[in-house]
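So the structure is just underneath, and the comments pick up after that.
Lettering of chains follows the sequences in order, A, B, ..., and the numbering in each one begins at 1.
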Amino acid sequence: MQYAQIVLPLNLKGSFTYKVPEEIMPEIQVGMRVLVPFGGKKIYTGIVFELHDNAPENFVAKEVISILDDKPIVPKEQINFWNWLSDYYLCGLGEIYRFAFPSSLKLESETYLKLKPNITVDFENLDVNEMYLIQALEVRQLINLTDIEAFIPKKDIIKTINSLIDLQYIEIDEKIAEKYKAKEVAYVKINDEVLQRQNLTEILLSLKRAQKQKDLFLHILEKQTENPDLHIKKSELFEDGYFGSSHFKSLADKNFVEEYYMQKDRIESYDGEIEEIEELSEAQKLAKAEVDEAFEERKNVLLHGVTSSGKTHIYLEKIGECIQEGKNVLFLLPEISLTKQITQRLEKKYGKNIGFYHQKLTDFERVEVWRRIKQNDIKILIGTRNALFLPYQNLGLIVVDEEHDSAYRPREVSPYFNAKDAALVLGNFYKANVILGSATPSVESYYNARKEKMKYIFLEERFGNVNLPEYELINFKEAQDSKKVSGNFSLQLIDEIKKTLDEKNQAIVLHNRRGYANVIECETCGYVNYCSNCDVVMTYHKAANEMKCHYCGQRASKPKTCPKCYSENLNERGVGVEQIHEEVSKLFPDNEVDRMDVDSMRKKFAYEKLYEKIEDRETDIVVGTQMISKGLDFDHIELVAIPKADSMLYVQDFRAEERAYQLITQVSGRAGRVSGKGKILIQTFNPDHSVFQLIKMNNPAKIYKYILTERQKFHYPPFTKLIMIELKHRKEDKVNRASQFLGSVLRKYLPGDCVLGPEKAQIARLNNLYQFQIMLKLPKGKKYEEYKKLVLLSLKEFEEITAYQSIKKDVFVDF
DNA sequence: AGCACGCCGACT
DNA sequence: GTCGGCGTGCTC
């Protein structure tokens, strides 16, 4: 094999052909990282995707500089997976590579060189550059490529390095990968000798003029005596802001306390007692038997379990079995932060063999997990969508929890793939079983499971025979007509909340819109406050007293007078969660009302603090956006109120009804988890709307049937396949022309009714880029593959127009 | 994606 | 006269 197809971490499609030098031919394998020159002066870490003997015809292939791994770092299952992703989602392999790898595993100019040990350099036969480099390396043992730029002309760097490697004088430093030692965490304890030397009174006396130091000392002492085996993290001391590091330092200087370090993963893994999982209920046993049966037939599973039906128990059972068989498990979550329960349970049972992988890890930590997965040191990996790309050795089970969650398919980061669908494919490549689980499965998954593409398993009762919450619809129009309202709340709703609070229970108020008011409008001239970067109105945030653009994040101060006509008649329109929070606070002045949305949770530990407040029942009412639908599993929440439920439905999106159903059901799952007396109040102008009526009936099969009928009627997924192409550019007329052109090309190849648009995007300008969209509605099945090839052809034709190359193009498959 | 090349406006 | 703006083209 003389040539290799190498994928580079660039947003370029396909792979590049390189020549394999003879010395490394015996070692090179698909899935290894290699160093290759690219362009005039760049060196990249690429991945070998294919080895072959076909010499390129139109260009001269450059040579691979060196191999970085002694074994493939990307297993063949992942190679297949990457190829599938690239094919299915029409994205470049380079994009996938960039997304999949922690950046330190694809170092470019950070690559280090060193002299080979025990060599004698024959300076006579070196050129100037080669001599410079050798001399530099004699002074400093390690040099990276950026440093080399200082004394060798850019264009000669690669040539110089290559020839010195050929001469066996220098080599690529292999320590790069080993540089990442386990992170150490600081812990604190009372100095062992201090209590023998002095008695407590003396110590406290000596600290009497330093109140905080005294408090801190006592705090540590108390913790330590409480449980002598517990290690006290240094960072924990400063969490609530009362103590600062200076207080600790003073104590340490006086030798009262000391700090010590331990490796993080050694301590964070649980080594307490191992708790046995409670026995499954009859319904759960039945469901588990069905899962077994499905796996037997090599079928994947959609586990549809109503809120608190104990899907987790079933996951845990299957995870246990999988590990018994000596295989590994991937447990996918939409977000890592809101998952204490399951991770705690898994940690208790499997301790050290658990790994976490998510977007919040530092690069350091990511590489650590990579290493451990590669060494098969992790049995269960809990992670978010980027965990799909770890180099698993023998994956036996993938669980996708909350499979309907939109966090599995963020719109803003490429490559644009749906982690739920990708998990099914990855499972197939690994011959692993996949369980999708949710209380409100996505319509697509539900349909596929009903179509026997997966096994559909329904857990319809809550664990421990707790009743499901009851739904009630409040006709707001009627309440308004009979003057039984106060602001956005009907008297009935207020009454019910009051009743809940009187019984010493807690209530949740859901309003899914950030900010205080949606629009600030001038009553005199009609002026509204637009974002200067985007074609959207700015939202008024009263708490922060500023205007925010929810799309580009721009902030501005709130205008006191109309900037156009200087009138002071500024009117606030459109209710946001801040305003609902304000109203509730006024309605219940004697109760503790807290707000939970991205804006109020931005501060460090804000979420943890509020979580504890609710847990300790200091909070009576939580007002929040969709954030409150996740993770708030408390025993005393009995009421969920949705004062403006209509706002969820009238969104320009064919999934609006599905989303409304999912959000309402998810948030209702917070109520009556123990008592079984949970109540959900949906206040609406349209109590007759099918979605509300169906939610009230609490019969999921009927809702899905209704939504599916609507989707079929209007030719939406899952009955068709949607591909959305979005074009963006700074100049409006340029994108407009480009999208018209692309539209006409597409229509040339595809039937007319498949191509919709181009149209201005709903947000015509975002971050100063004008956007146009073309929607493709394609039939399913064999035709789809055929049509997709034509779409690819059209895009190619479009890309050939040089004038349109500066236009940013995003393709969303399965929009 | 980066980077070089090349062609036009505002400055020593 | 030159520095630097960004449109265009190319990278195995």
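For DNA chain C, the residues of residues 792-811 of chain A within the heavy-atom distance limit of 4.0 Å (strictly under) are A:T802, A:Q805, sorted by number.
One interatomic measurement links the two molecules: CG of A:L10 to C1' of B:dA1, which rounds to 5 Å at whole-angstrom precision. Atom CD1 in A:I43 sits about 16 Å away from atom P in B:dG2, given to the nearest Å. One atom, CZ of A:F38, and another, P of B:dA1, lie 13 Å apart when rounded to the nearest Å.
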Result block: side-chain N/O donor-acceptor pairs under 3.5 angstrom for residues 785-795 of chain A, not counting sequence neighbours:
{"from": "A:K788", "atom 1": "NZ", "to": "A:Y88", "atom 2": "O", "distance (Å)": "2.8"}
{"from": "A:S794", "atom 1": "OG", "to": "A:L790", "atom 2": "O", "distance (Å)": "2.8"}

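The closest side-chain donor-acceptor pair between A:Q773 and A:E726 falls under 3.5 angstrom. Side-chain contact of A:E130 with A:S163: a donor-acceptor pair under 3.5 Å is present, judged by distance alone. A:T802 and A:Q805 share no side-chain donor-acceptor pair at under 3.5 Å.
Nearest heavy atoms, A:L361 versus A:F356: CD1-O, 3.5 Å.
Using a 30° and 60° split on the angle between ring planes, A:W82 and A:F389 fall in the perpendicular class, above 60°. Using cut-offs of 30° and 60° for the angle between ring planes, the A:F81 and A:W84 rings count as parallel.
Nucleotides of DNA chain C that come within less than 4.0 Å of any heavy atom of chain A span, from the 5' end to the 3' end, C:dG7 to C:dC12.
By the 6.0 Å and 45° rule, A:K564 does not stack over the aromatic ring of A:Y527.
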